[in-house]
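One-based numbering, in listed order, for ligands and for the atoms of each. In this text the structure is predicted, and so the values were computed from the model without any measurement.
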Amino acid sequence: MMTDEKVEPHSIAAKTAHWGFLLVYIYALTKQLDEVEELEDFSLLQQEMVFAVIFLVLLFARFVFMQTTRPTALPGDTPDQTRLLARIVHLAMYAGLALIAVSGLVIGGLYWSGIKSGGMMDAALLVHEIAVNTSYFLILGHVIAALFHRRKRDGIWNAMVPVWKEPSEEAGVRPGV
Ligand code: HEM
Ligand code: HEM
């Protein structure tokens with residue numbers, strides 16, 4: 001179905017998956033642990049493990065849904081480099097988020113089986129921390145790219161973001177970027 005937008009907006013399902021997952025991610029960050037000793041509380045350990053599995057399932061479902069429907073709203077005449085960069089950042093975000101949960105599951109699995117410290121635990125904690133920090137950088141880059149598209153008024157922002165819509169071209173001179 002064509003609209004008067006420059007590019008066809010993402011579907012309601014795609015927007016729900018995108019913004020719904022942002023809430024899941026923020027919720028996960030609010031319940032982050034400060035130190036491994038907190039896992040001594042067995043019910044907390046169990047909750048963390050269950051949450052990490054749910055997080056992975058939702059992430060995977062979203063990935064499959066987007067890949068099999070419409071991974072990007074970028075139009076066909078987008079330069080190859082831009083298309084490639086967007087694809088790399090999108091896939092890296094999926095990989096980084098999955099790694100947070102998988103390394104969390106490894107930490108929990110080690111703790112559960114009595115390996116509460118040592119080289120393996122240190123390595124899992126390091127991977128967990130690197131994955132978390134990488135996700136921050138990738139998401140920051142992603143948001144900067146989204147803002148760049150909003151400035152270009154090419155419709156990509158409007159295709160996914162329901163608020164603070166791109167100003168129409170009549171509202172001002174179109175920047176030459
Ligand atoms: C946890 C935070 C976020 C993650 C993990 C994320 C991830 C993604 C991914 C993977 C895509 C590609 C489509 C898909 O597979 O769903 C996408 C598309 C998009 N995201 Fe985000 N996003 C996040 C937050 C945001 C925010 C805060 C904004 C804007 C302020 C934004 C703007 C967009 C836009 C405009 C698209 C469409 C790009 C296109 O059609 O090529 N995202 N996002
Ligand atoms: C999707 C699921 C998860 C998310 C989003 C997440 C997120 C985080 C974040 C943001 C931190 C702080 C990292 C930092 O200080 O730089 C953290 C630390 C930690 N997480 Fe997770 N986590 C998840 C799953 C798990 C699971 C399943 C476990 C174990 C059962 C776990 C155990 C820990 C521990 C022990 C720390 C403290 C590490 C330290 O001592 O520095 N996490 N997590």
Discussion item. Can you check the angle at atom 21 (Fe) of ligand 1 formed by NE2 of H18 and NE2 of H142? Round it to the nearest 10°.
Written reply: 180°
Item to complete: Pick one of side chain, backbone, both or neither for how L33 approaches ligand 2, counting any non-hydrogen atom pair under 4.0 Å.
Response: both
Discussion item. Looking at ligand 1, would R70 count as a contact under a 4.0 Å heavy-atom criterion?
Written reply: no
Discussion item. Quick check against the 3.5 Å criterion: does R70 have a side-chain atom that pairs as donor or acceptor with the backbone of A14?
Written reply: no
Worksheet item: Numbering the atoms of ligand 1 from 1, which are under 4.0 Å from a heavy atom of Y94?
Response: 10 (C), 14 (C), 15 (O), 16 (O)
Item to complete: Distance to 0.1 Å, residue and atom name: give those for the protein heavy atom nearest to atom 22 (N) of ligand 2.
Response: H128 NE2, 3.0 Å
Practice prompt. Specify whether Y94 and F63 have parallel, tilted or perpendicular ring planes, treating 30° as the upper limit for parallel and 60° as the lower limit for perpendicular.
Written response: perpendicular
Item to complete: Using a 4.0 Å heavy-atom threshold (strictly under), name the region of W112 that reaches ligand 2: side chain, backbone, both or neither.
Response: neither
Discussion item. Please list, in number order, the atoms of ligand 2 under 4.0 Å from a heavy atom of L45.
Written reply: 30 (C)
Worksheet entry | Residue, atom name and distance, where the atom is the protein heavy atom closest to atom 14 (C) of ligand 2 | E129 CG, 4.0 Å
Worksheet, complete the sentence: protein heavy-atom neighbour closest to atom 38 (C) of ligand 1 works out as I156 CG2, 3.8 Å
Worksheet item: So is L147 close enough to ligand 1, meaning a heavy atom under 4.0 angstrom away?
Response: no
Worksheet item: What is the nearest protein non-hydrogen atom to atom 16 (O) of ligand 1, stated with its residue, atom name and distance?
Response: R62 NH2, 2.9 Å
Discussion item. What I want to know is whether T72 and ligand 1 share at least one N or O pair that is separated by under 3.5 angstrom.
Written reply: yes
Discussion item. As a check for students: among I130, L56, D34, identify the option with a heavy atom nearest to atom 41 (O) of ligand 2.
Written reply: D34
Worksheet item: What are the atoms of ligand 1, with element, lying closer than 4.0 Å to any heavy atom of H10?
Response: 37 (C), 39 (C), 40 (O)
Fill in: Side chains of H18 and H10 in contact at under 4.5 Å (non-hydrogen atoms)
no
Discussion item. Quick check for you: to the nearest 0.5 Å, what is the distance between M93 atom CE and T134 atom OG1?
Written reply: 13.0 Å
Item to complete: Measure the spacing between CZ of R83 and CG of L74 and express it to the nearest 0.5 Å.
Response: 5.5 Å
Item to complete: Flag Y136 as yes when one of its N or O atoms lies below 3.5 Å from any N or O atom of ligand 2, and as no otherwise.
Response: no
Discussion item. Please determine whether any non-hydrogen atom of P71 lies less than 4.0 Å from an atom of ligand 1.
Written reply: yes
Worksheet item: Heavy atom under 4.0 Å from ligand 2: found in E38's side chain, backbone, both, or neither?
Response: neither
Item to complete: Look only at interatomic distance and state if Q67 has a nitrogen or oxygen under 3.5 Å from any nitrogen or oxygen of ligand 1.
Response: no
Worksheet entry | Atoms of ligand 2 close to A28 [distance to a heavy atom under 4.0 angstrom, numbered from 1] | 5 (C)
Discussion item. If you count heavy atoms of other groups shown closer than 6.0 angstrom to OH of Y136, is the number above 12?
Written reply: yes
Worksheet entry | Spatial distance of atom CG (N158) from atom NE2 (H149) [nearest 0.5 Å] | 12.0 Å
Worksheet item: Quick check: does any side chain N or O of E38 sit under 3.5 Å from a backbone N or O of E35, one acting as donor and the other as acceptor?
Response: yes
Worksheet item: What protein heavy atom is closest to atom 4 (C) of ligand 1, reported as residue, atom name and distance in Å?
Response: M93 SD, 4.0 Å
Worksheet item: Nearest 0.5 Å, what's the NE2-CE distance between H90 and M66?
Response: 8.5 Å
Worksheet item: What protein heavy atom is closest to atom 29 (C) of ligand 2, reported as residue, atom name and distance in Å?
Response: G104 O, 3.2 Å
Fill in: Under 4.0 Å to a heavy atom of L125 - the qualifying atoms of ligand 2, by number
35 (C), 38 (C)
Worksheet entry | Any N or O of W157 closer than 3.5 Å to N or O of ligand 1 | no
Response to the item:
The option among L39, V36, I100 carrying the non-hydrogen atom nearest to atom 3 (C) of ligand 2 is I100
Worksheet entry | Proximal ligand 1 atoms for V143, defined as those under 4.0 Å from one of its heavy atoms | 26 (C), 27 (C)
Item to complete: List every atom of ligand 2 that sits less than 4.0 Å from any heavy atom of L29, numbering the atoms from 1 in the order shown and giving each element.
Response: 10 (C)
Worksheet, complete the sentence: Residue, atom and distance of the protein heavy atom nearest atom 28 (C) of ligand 1 read W19 CH2, 3.5 Å
Item to complete: For ligand 2, note which part of E48 has a heavy atom under 4.0 Å away: side chain, backbone, both or neither.
Response: both
Item to complete: Provide, to 0.1 Å, the distance between atom 12 (C) of ligand 2 and the closest protein heavy atom, together with that atom's residue and name.
Response: Q32 OE1, 3.1 Å
Fill in: Test item: M160 and W19 side chains (from C-beta on) under 4.5 Å apart, heavy atoms
yes
Item to complete: Would you mind listing which atoms of ligand 1 come within a distance below 4.0 Å of any non-hydrogen atom of L22?
Response: 1 (C), 2 (C)
Response to the item:
Closest non-hydrogen atoms of E166 and I156, given as atom of the first, atom of the second and distance, are OE2-N, 3.6 Å
Worksheet item: Which ligand 2 atoms are under 4.0 Å away from a heavy-atom of V132?
Response: 8 (C), 9 (C), 10 (C)
Discussion item. Under 4.0 Å from a heavy atom of L97: which atoms of ligand 1 are those, numbered in the order shown and with their elements?
Written reply: 5 (C)
Discussion item. Which of the numbered atoms in ligand 2 are under 4.0 angstrom from any heavy atom belonging to G108?
Written reply: 29 (C), 30 (C)
Worksheet item: So, E48 side chain and L45 main chain: donor-acceptor pair closer than 3.5 Å or not?
Response: no
Worksheet item: What atoms of ligand 2 come closer than 4.0 angstrom to any heavy atom of A52?
Response: 27 (C)
Worksheet item: Would you say A73 and ligand 1 have an N/O pair spaced under 3.5 Å apart?
Response: yes
Discussion item. Tell me if the aromatic rings of F21 and F55 count as close, with their centers under 6.0 Å from one another.
Written reply: yes
